[in-house]
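The structure appears right after this line, and notes come after that.
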Amino acid sequence: MERNRKREQKSEYLTAIIFNLIFLYIVNNLLNWHIYFVLDTFNEVLWIINLSVIAAIIGNFLLLLYSPERFRHVMKIILNIFAFIAVYFVYIVFPFNFYNSFYNWAFSILLILAMIGIFIAIIVEIYLLVTGKPKLTGN
């Protein structure tokens with residue numbers, strides 16, 4: 001049972017690395033693809049998005065090699081902080097214009113919800129780190 005969980009975790013980390021490499025390629029080419037709703041101000045947030053994604057790649061690689069409970073919680077807290085900052089910068093700069101106020105508003109709300117979700121994830125990981133629990137359960 002424990003061995004299966006370790007194997008599942010390793011596949012999760014590997015999948016996250018692959019996803020983040022693809023995402024890194026996409027965000028760094030959005031302006032080159034001339035997508036109508038991505039503004040030139042996207043360059044203002046690209047650095048923090050890249051930093052967050054590269055941190056996620058490195059973090060997941062470290063977890064692939066070494067993933068005891070405490071280290072995993074600390075790593076998840078750090079990666080969530082990077083993600084929160086990146087989403088916050090995207091929200092502040094808002095380098096998009098969907099040419100429809102409803103879509104602009106809806107995407108702003110999605111960014112706010114993402115920040116709330118990431119903040120909750122940070123709090124949960126801090127709780128799990130402090131209590132020494134592997135994960136939250138209903139029991």
Side-chain angles (χ1 to χ4, degrees):
M1 185 90 87
E2 181 65 26
R3 189 175 189 139
N4 285 340
R5 179 65 189 138
K6 292 279 188 193
R7 192 175 298 133
E8 286 175 17
Q9 285 178 336
K10 287 190 183 287
S11 69
E12 287 173 20
Y13 303 141
L14 191 57
T15 302
I17 291 168
I18 293 167
F19 171 81
N20 280 299
L21 286 169
I22 293 168
F23 186 70
L24 190 65
Y25 174 80
I26 291 170
V27 297
N28 281 284
N29 285 289
L30 281 177
L31 290 174
N32 296 338
W33 296 335
H34 305 291
I35 299 172
Y36 79 94
F37 60 84
V38 180
L39 304 177
D40 288 339
T41 54
F42 189 76
N43 276 325
E44 294 177 27
V45 296
L46 188 57
W47 70 273
I48 190 65
I49 295 171
N50 281 337
L51 184 62
S52 178
V53 174
I54 290 169
I57 292 167
I58 293 169
N60 281 292
F61 181 73
L62 291 173
L63 288 169
L64 190 62
L65 300 176
Y66 179 76
S67 64
E69 292 299 322
R70 289 197 170 293
F71 181 72
R72 189 168 61 247
H73 294 311
V74 169
M75 189 58 63
K76 286 183 177 183
I77 291 167
I78 293 168
L79 296 180
N80 283 332
I81 290 170
F82 273 105
F84 182 89
I85 294 169
V87 174
Y88 175 76
F89 270 77
V90 171
Y91 175 77
I92 294 300
V93 173
F94 201 76
F96 308 105
N97 186 353
F98 295 99
Y99 301 102
N100 180 315
S101 60
F102 173 76
Y103 293 137
N104 288 337
W105 175 82
F107 197 71
S108 292
I109 296 300
L110 284 175
L111 291 172
I112 291 169
L113 292 173
M115 286 187 284
I116 292 169
I118 294 167
F119 182 76
I120 291 169
I122 292 169
I123 299 301
V124 167
E125 289 299 332
I126 290 171
Y127 171 80
L128 294 173
L129 177 65
V130 170
T131 61
K133 294 183 178 182
K135 62 182 177 177
L136 290 177
T137 61
N139 299 338

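The figures that follow rest on heavy atoms only: side chains count, while hydrogens, waters and symmetry mates do not. Note that this is a predicted model, so its numbers are computed, not measured.
- Listed by chain and residue number, Leu79, Phe82 satisfy the side chain to side chain contact (heavy atoms under 4.5 Å, CB included) test with Ala55 (two or more places apart in sequence, or in another chain).
- For the pair Ile85 and Ile48, the tightest heavy-atom approach, listed with the atom from each and the gap, is CG2-CD1, 3.8 Å.
- Note: Leu24 CG to Ile54 CD1 = 5.5 Å, rounded to the nearest 0.5 Å.
- With a 6.0 Å radius and a threshold of 12 heavy atoms from other residues, nucleotides or ligands, Asn100 has its CG atom above the threshold.
- Minimum heavy-atom separation, Phe84 to Ile118: CB-CG2, 3.7 Å.
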Next item on the list: May I have the step-by-step check of side-chain contact (heavy atoms from CB on, under 4.5 Å) for Met115 and Phe119, ending in yes or no?
Entry: CA-CA 6 Å; Met115 286 187 284; Phe119 182 76; over 6 Å; no

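- With sequence neighbours excluded, no residue forms a side chain to side chain donor-acceptor pair (under 3.5 Å) with Glu44.
- Residues in residues 119-131 take part in no salt bridge (Lys or Arg N to Asp or Glu O under 4.0 Å) pair, two or more places apart or across chains.
- In terms of modelled atom types and a separation under 3.5 Å, the side chain of Lys10 and the main chain of Leu64 share a donor-acceptor contact.
- One finds the CG atom of Leu31 at 8.5 Å from the OG1 atom of Thr41 (value rounded to the nearest 0.5 Å).
- A distance of 9.5 Å separates CG of Asn50 from CZ of Phe23, quoted to the nearest 0.5 Å.
- Atoms CD1 and CD1, on Ile77 and Ile126 in that order, are 5.0 Å from each other to the nearest 0.5 Å.
- Within a 6.0 Å radius of OH in Tyr91, no more than 12 heavy atoms belonging to other residues, nucleotides or ligands are found.
- When all heavy atoms of Ile49 and Val90 are compared, the pair lying nearest together is CD1-CG2, 3.8 Å.
- Residues that satisfy the side chain to side chain contact (heavy atoms under 4.5 Å, CB included) test with Asn32, not counting sequence neighbours, are Asn29.
- The side chain to side chain donor-acceptor pair (under 3.5 Å) test applied to Asn43 returns no partner, not counting sequence neighbours.
- Between Asn60 and Asn20, the shortest heavy-atom distance links the atoms ND2-ND2, 4.2 Å.
- Proximity of Tyr13 to Leu62: side-chain heavy atoms (C-beta onward) are nowhere separated by under 4.5 Å.
- Between atom CG of residue Leu111 and atom OH of residue Tyr88 there is a gap of 12.5 Å, rounded to the nearest 0.5 Å.
- By the 4.5 Å heavy-atom criterion applied to side chains, Tyr25 and Leu21 are not counted as neighbours.
- Within the structure, ring pair (Phe, Tyr, Trp, His ring centres under 6.0 Å) contacts touching residues 53-81 (residues at least two apart or in different chains) are Tyr66-Phe71.
- In this view, Glu12 and Arg5 satisfy the salt bridge (Lys or Arg N to Asp or Glu O under 4.0 Å) rule, not counting sequence neighbours.
- Within the structure, salt bridge (Lys or Arg N to Asp or Glu O under 4.0 Å) pairs that include any residue of residues 71-96 comprise Glu69-Arg72 (at least two apart or interchain).
- Here Phe37 pairs with Ile35, Phe96, Phe98 under the side chain to side chain contact (heavy atoms under 4.5 Å, CB included) rule; sequence neighbours left out.
- Ile81 CD1 to Ile122 CD1: the interatomic distance, rounded to the nearest 0.5 Å, is 5.0 Å.
- For residues 15-28, the set of pairs meeting the salt bridge (Lys or Arg N to Asp or Glu O under 4.0 Å) definition, not counting sequence neighbours, is empty.
- Here Arg70 pairs with Leu129 under the side chain to side chain contact (heavy atoms under 4.5 Å, CB included) rule; sequence neighbours left out.
- With sequence neighbours excluded, no residue forms a side chain to side chain donor-acceptor pair (under 3.5 Å) with Tyr103.
- Between Phe94 and Asn104, the closest side-chain pair of non-hydrogen atoms falls below 4.5 Å.
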